[in-house]
Amino acid sequence: MVPGDIEPRLRALGLSITDRLSDAQARWFSEFVDVGEYGLALESLADWLSDELLPVSAAERSEAESLATLMCNVDQVMEPLQRCPPMSA
């Protein structure tokens with residue numbers, strides 16, 4: 001069972017990263033969340049960020065790992081995010 005707070009937390013994470021996504025990626029992310037494909041949304045986010053080696057903040061990385069733990073897809077999310085550099089202050 002997926003805890004009820006996953007959707008708002010996932011949306012908040014997506015909003016914090018939107019500035020690093022293309023318009024199409026942001027739409028896909030939103031669509032995945034809208035239809036309850038939370039795992040796909042988070043995995044896609046991680047893949048899109050890692051494909052371009054885009055920076056990820058420590059807070060974003062931590063929230064992604066926490067959500068992935070709840071959804072049992074830690075490897076699919078955190079392996080791509082490991083390729084992303086840390087966000088500079």
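Sequential numbering from 1 along the given sequence is applied to the chain's residues. We use all heavy atoms of the structure for the numbers below, so side chains are in, but hydrogens, waters and symmetry mates are not. A quick note: this is a predicted structure, and the numbers were derived from the prediction, not measured.
Taking the side chain as every heavy atom from C-beta outward, L10 and F29 approach each other to under 4.5 Å. You'll find the side chain of M78 reaches within 4.5 Å of the side chain of R61, heavy atoms only.
Scored by the side-chain contact (heavy atoms from CB on, under 4.5 Å) test, R9 finds D5, E63, S66, L67, L70 as partners (sequence neighbours excluded). Contacts of T69 classified as side chain to side chain donor-acceptor pair (under 3.5 Å), with partners at least two apart in sequence or in another chain: none. Taking the side chain to side chain donor-acceptor pair (under 3.5 Å) definition, one finds that R20 meets it with E60, sequence neighbours left out. Judged as a side-chain contact (heavy atoms from CB on, under 4.5 Å), and not counting sequence neighbours, the contacts of A24 are S22, R27. Among residues two or more places apart in sequence or in another chain, the side chain to side chain donor-acceptor pair (under 3.5 Å) test is passed with R11 by E7, D34. S30 pairs by the side chain to side chain donor-acceptor pair (under 3.5 Å) definition with nothing, not counting sequence neighbours.
The two residues L54 and P85 come nearest to each other via the heavy atoms O-CD, 3.5 Å. In terms of heavy-atom proximity, C84 sits nearest to V56 at CB-CG2, 3.7 Å. Minimum interatomic distance between P80 and S50 (heavy atoms only, all atoms of both residues): O-CB, 3.0 Å.
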Anything under 3.5 Å between a donor and an acceptor, one on a side chain of residues 42-49, the other on a protein residue two or more places apart or in another chain? List them.
| residue | atom | partner | partner atom | Å |
| --- | --- | --- | --- | --- |
| E43 | OE2 | N73 | ND2 | 3.0 |
| S44 | OG | L40 | O | 2.8 |

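Residue pairs meeting the salt bridge (charged side-chain N to carboxylate O under 4.0 Å, His left out) criterion with at least one partner in residues 72-84, sequence neighbours excluded, are absent.
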